[in-house]
Structure formats: structure tokens, C-alpha cells
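Single-structure report; data block below.
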Amino acid sequence: MIRTRFAPSPTGYLHIGGVRTALFNWLLARQSGGQFILRIDDTDAGRNVNEAIEPILNGFRWLGLDWDEGPEVGGPHEPYYQSQRSARHQAAAEKLLASGHAYRDYATTEELQVQRDEAQSSGRSFVYDRRWMATDAESAAKFEAEGRSGVVRLKMPRNGQCVIEDLVRGEVCVDWSGEQDHVIQRADASCLYHLASVVDDHDLEITHIVRAEEHLPNTPRQIFILESLGYTRPIYAHLPYVAEPGGTAKLSKRKLAKYLKNKDFADLLSRGNHIASECNVTTDADTFNPVIVDFYREIGFTPHAILNYLLLLGWSLDGVTEKFTVDEMIKHFTLARVNRSPASFDPQKLLSVQGDTFAALSLEDRVAATLPFATRAGLVHESIPETMILLREVVEATGDRLKMAGDIVDYRYVFSDELSFDEAAFEKRVTGDEPARLLLADLADSLETCGSFDAPSVEAAVQSFCESKQVKLKQIVHALRIATTGVSNGFGMFETLAVIGKTRTVARIRQALVRVGSATS
RNA sequence: GGCCCCUUCGUCUAGCGGUUAGGACACCGCCCUUUCACGGCGGUAACACGGGUUCAAGUCCCGUAGGGGUCACCA
């Protein structure tokens with residue numbers, strides 16, 4: 001039985017790299033019929049834990065990564081908040097003290113820093129000489145009399161090796177002598193992460209610890225703690241981190257300014273900003289960022305696309321298969337095929353996966369996905385049936401031009417007659433093209449007499465108009481598109497006119513011609 | 001700086017001793033075409049370097065270089 005966990009701190013956001021770690025954990029649990037547990041590592045957190053975990057839980061819900069035990073759902077090992085398990089941590093600290101695997105220490109931070117700096121400048125690794133270690137109650141009392149306050153430190157082995165069997169990296173060996181006597185409990189009795197984490201993982205019966213590789217250097221001391229406590233070792237797998245776009249350093253929420261120099265990343269964010277602004281959504285600059293999952297939800301990404309992209313970031317089945325349903329992910333995922341080197345986050349590939357995923361959705365699903373965005377952008381109102389019909393027609397006509405649900409905002413011209421013109425294109429195709437303009441005037445009259453106005457009828461009408469005028473379609477179509485939509489690209493011309501409808505099409509053409517007059521006079 | 005990890009096209013990767021080093025994204029060209037997108041066809045592009053081992057090395061071993069992670073009374 002496999003039990004995995006993801007243990008976020010209440011930071012208020014869900015990092016894309018964290019999602020990948022969570023996904024792998026989730027997959028492992030699901031494929032074995034085991035459990036995936038969410039534990040909140042709020043050891044050091046202040047008051048607003050609930051507020052800060054909400055975006056994280058929302059992210060998980062949106063992605064469909066359900067947890068078997070944890071916040072909101074509870075479970076047999078409650079509580080799932082580390083801060084509420086402090087009694088267990090303190091008991092463990094006592095036990096380590098009693099067994100001699102830890103000691104009370106009275107060094108000050110400053111005193112230690114001096115030793116640390118010395119070690120570093122002479123090229124050695126720092127090993128505390130235990131100068132302020134209390135050897136018995138008497139020496140502790142003496143230190144306390146000096147006004148020192150004591151913490152509990154691990155009494156690490158000074159020789160031998162720690163061998164970590166890692167499912168991703170193989171065997172990793174570290175000399176114990178390089179490990180520090182880490183503090184596990186503060187003077188106020190509160191316990192630190194490493195102790196808490198080990199105790200909780202044991203209490204929650206976690207079998208596989210799958211986490212990012214930045215935790216690899218922490219592993220020896222965690223192993224020391226758990227073995228000193230008599231726990232059985234979990235199975236470890238340290239995943240390479242997700243690297244920044246175009247780089248090799250760890251992807252970090254804090255380096256947004258740097259990533260903006262990457263064109264693909266900047267384009268993605270600017271696409272997001274455009275959609276958000278069209279939807280009148282005020283974005284939180286702190287979390288509206290392609291490094292954070294919320295960003296994708298806000299602009300209409302498909303959760304499955306995120307999952308599929310992340311699955312392939314550092315893992316592959318055979319180097320060829322790219323598309324996986326969730327069931328296929330569960331069926332095929334193995335830690336053995338996780339790569340050992342960091343994989344850099346590629347906004348273009350993500351976008352491509354998203355586009356394919358969205359295009360593969362049924363028309364109903366795409367309409368449903370775009371509805372919230374169209375509503376927020378003021379394009380449609382659920383109480384006005386005509387706008388709902390229009391939405392469906394637009395989604396159908398746009399086909400795979402819609403890469404994500406938020407892209408619907410680009411078709412405002414279908415819903416609203418207040419066109420926003422691409423002036424350069426208007427100048428070139430309408431104002432500056434007198435023959436086309438004259439034709440447009442006649443075309444408007446001609447279209448007005450059209451019987452039915454579905455796309456094939458419009459096409460037939462425009463074609464026969466062209467024949468009667470002895471012009472090619474392309475001599476008029478550009479001007480027609482800009483006159484009726486304001487922009488120079490979109491889905492099929494005839495579909496566009498059909499969706500807009502006869503009355504509005506004719507009115508828009510005439511309006512555009514008036515616009516030329518007023519601009520030139 | 002110490003310790004640890006990593007190294008195949010620009011990016012994600014396949015490869016587990018013998019391959020014309022494969023696929024995907026991106027890019028370029030051609031075709032399709034009323035724009036855009038899609039689609040079709042084609043193309044550019046990689047084994048970090050140096051030693052071994054071997055008949056044979058991207059694949060195994062050892063170095064070097066480069067990159068990265070981590071060194072808290074944070075998690």
C-alpha cells in the first residue's frame with residue numbers, strides 16, 4: 001500500500017513546480033490504490049493559515065488532484081496541520097534527548113556564526129565543536145545562569161556514511177562528518193521543520209517521500225532522526241526541480257522580472273493580462289504570474305493541459321507518446337522513468353499542449369468553458385438567449401483558433417457593434433483603397449437584398465457580386481473584413497458575416513464608409 | 001568555499017555497446033488559402049571536453065570543465 005503526501009506551507013499560492021511534485025505523488029498513490037495525503041506544513045506560520053491555504057486547495061480542486069486525507073476531508077490521522085501536532089514533535093524531541101541522539105545546547109547564533117565563517121574561509125565544512133553543549137543538568141544550570149537559553153540539537157554521527165537509496169537518483173552517499181548538529185527544538189519548546197516532518201511522515205504512515213531535489217541535502221539528518229526514533233525508513237525519490245524558462249536555475253516566483261526578458265514567458269503573461277483586462281478582472285500582481293497555477297485558471301487554461309504538460313516535464317513514457325488521459329497517466333507513470341536533470345519550463349510548449357487539448361474538447365465543452373469569460377467580458381448574458389446562441393456560433397466558427405477559453409475576448413466584435421479599429425489596417429485596406437471602398441458601398445446594397453444569410457448564402461451572394469463587378473474576391477475581402485470587424489484577421493469571412501447577421505453587417509459596412517468620410521474630410 | 005546533484009537539437013525528450021542518433025514544441029521553406037489558424041510536405045539543428053575499457057561507446061569507468069541545489073533557532 002503506497003501512501004504519498006504533498007506538504008505545502010501556507011504561502012498563499014500554488015507554484016507550478018509544486019504541482020508537478022504533487023502530480024507525481026498523486027499518480028503514485030492512484031496507480032496503487034493507495035492514498036494521497038495533503039498536510040499543511042505551517043510550523044512557522046502566523047495566523048492566516050486558512051486564508052493562505054485556500055488558493056492552494058483551489059488549485060488542487062481545479063486540477064482534479066483530489067486528496068484522500070488532509071484539510072477539509074479529514075482522515076484517520078487528524079490533524080493534518082503540522083502546527084497542531086506539536087505535542088508529538090515535542091515528545092520526539094524528549095525521546096531523542098533521552099536516548100542521547102540530541103543534546104541541549106547554549107550557543108548563541110552569533111557565536112556559531114563566527115565558527116561558520118571561519119570554516120568557510122578556510123575551506124572546510126563547518127562542524128560545531130559542541131562547546132556550549134550541556135553535558136548534564138549541572139552544566140545546563142551553569143549556562144542558564146550566564147543568561148543563555150538552550151535549544152535542542154541533533155547529536156550527529158562524526159564518522160561513517162549515510163547511504164540514501166533514491167528511486168530517481170540511485171544511491172547517494174554522504175559522509176556523516178559533514179552534517180551539522182541541527183537545531184530541532186527552540187528554547188520556547190517549539191519544534192523545527194526537520195523533526196516535525198519526520199515525525200509527521202511516520203505518524204501519517206507515509207511510505208514514499210517524493211519531493212523536489214532541494215530536499216536531498218536535508219535527507220541525511222532526517223534519516224538520522226527517524227532511525228534514532230526507531231522508525232522504518234520511507235522510500236525516497238528526489239525529483240529534479242523545474243527550471244526557469246531558457247535557463248537552468250530553479251523556477252522561482254520571485255524572479256518574475258528576470259523571466260520577463262524571455263520573450264515566450266513575457267508573451268504568455270501579456271496574453272494573460274489582455275484577457276484579464278478584457279474580462280474586467282483585477283489581477284493580483286503577486287499571483288497573476290505564469291509561475292503560479294492561479295494564472296492559468298484565470299485565463300481559461302484547461303486543467304488537463306497543465307497536467308499533461310507537467311507530466312512530460314522530466315518524465316516520458318517512450319519519447320514519442322505526448323498525449324495522456326488522466327487514466328493513462330495513472331496507468332503508465334513510473335518513478336524509474338523520471339529524469340535526473342532539471343527540465344526548464346517552456347511557455348510555448350505549454351501553450352501548444354493547451355491548444356491541442358482545447359481543440360480536442362467537444363463543442364459543448366468549449367462553449368461551457370468560454371461562457372464565464374464571455375460573461376465577465378460583457379459579451380453575453382445568460383438571461384439574453386440571443387447572446388448565448390451567438391456564443392455557440394462563435395465558438396463553433398472559430399474552431400481551433402481558440403487556444404484557451406479566455407481567447408473568446410478576441411471576438412468582441414461579434415457581440416458588440418462598437419468596433420475597435422486596427423487603424424493601420426483600416427487605412428491600408430479601406431481609406432487607402434478607393435476601388436474597394438466603392439465596391440463596398442455597392443456590396444452593402446446588394447447584401448441587403450439577400451434572402452437567407454447563412455454562410456453559404458452569404459458566400460454565394462458575395463461571389464456573384466464579384467462576378468457582376470468583374471473583380472476577384474481578394475480585391476474586396478480585406479476591406480470587407482476590416483469594415484465589419486475592425487481587425488484584419490478572424491475566422492472565415494462568410495461565417496463571420498453570417499454570425500453577425502444581415503442587418504448588422506450592412507450597417508457596419510455603411511458605418512465604416514462614413515468613418516472614411518469623416519476621417520478624410 | 002564545503003557537501004551533494006546534473007550534462008543528447010534552442011526547449012522537452014527517446015536511446016540502456018553496433019542507429020543514416022528517433023519524436024514533440026519552436027524556427028525556416030513549399031503547398032493549401034479571402035485574413036488568421038489548422039492541415040500536408042520538406043528542412044536547419046544535439047551526444048560538454050579529455051582519457052581509458054572494448055573489435056565497437058551517446059551508451060561502461062576515471063578525470064576535467066560547465067551548470068545547479070544546499071549549507072538558518074525557514075519550510
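Chain letters run A, B, ... following the sequence lines, proteins first, then strands; residues in each count from 1.
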**Message:** Does B:rU70 have its OP1 or OP2 closer than 4.0 Å to a side-chain nitrogen or oxygen of A:K250?
**Reply:** yes
**Prompt:** What's the closest nucleotide to the A:P217 side chain, out of B:rG69, B:rG23, B:rC36?
**Reply:** B:rG69
**Message:** On the nucleotide B:rG15, are OP1 or OP2 found under 4.0 Å from the side-chain N or O atoms that A:R337 carries?
**Reply:** yes
**Request:** For A:Q113 and A:R116, test the side chains for any donor-to-acceptor distance below 3.5 angstrom and give the result as yes or no.
**Result:** yes
**Request:** Please tell me if the side chains of A:F333 and A:F324 come closer than 4.5 Å, counting only heavy atoms from C-beta onward.
**Result:** no
**Item:** Complementary nucleotide for B:rU59 - Watson-Crick or wobble, under 3.5 Å
**Value:** none
**Request:** Would you classify A:D264 as touching base, sugar-phosphate or nothing, given that sugar-phosphate means primed atoms plus P, OP1 and OP2, and contacts are heavy atoms under 4.0 Å?
**Result:** nothing
**Request:** Examine the base of B:rC6 for any acceptor or donor lying under 3.5 Å from a partner atom in the side chain of A:R340, and report the outcome as yes or no.
**Result:** no
**Request:** Could you let me know what B:rA46 is paired to, Watson-Crick or G-U wobble, both distances under 3.5 Å, or none if it's on its own?
**Result:** none
**Asked** Under 4.0 Å between a side-chain N or O of A:N339 and OP1 or OP2 of B:rA14?
**Response** yes
**Request:** Starting at atom OH of A:Y241, determine the distance to atom P of B:rC4, rounded to an integer number of angstrom.
**Result:** 17 Å
**Prompt:** Would you call A:R148-A:E111 a salt bridge at under 4.0 Å N-O?
**Reply:** yes
**Prompt:** Going by ring centres under 5.5 Å and near-parallel planes (under 30°), is A:H215 stacked on B:rG69?
**Reply:** no
**Item:** Contact under 4.0 Å: A:R116 side-chain N or O vs B:rA72 OP1/OP2
**Value:** yes
**Message:** If the cut-off is 4.0 Å, is A:T109 near the phosphate of B:rC73, judged by side-chain N/O to OP1 or OP2?
**Reply:** no
**Prompt:** Taking atom types as modelled, is there a side-chain donor on A:R186 or A:S190 under 3.5 Å from an acceptor on the other?
**Reply:** yes
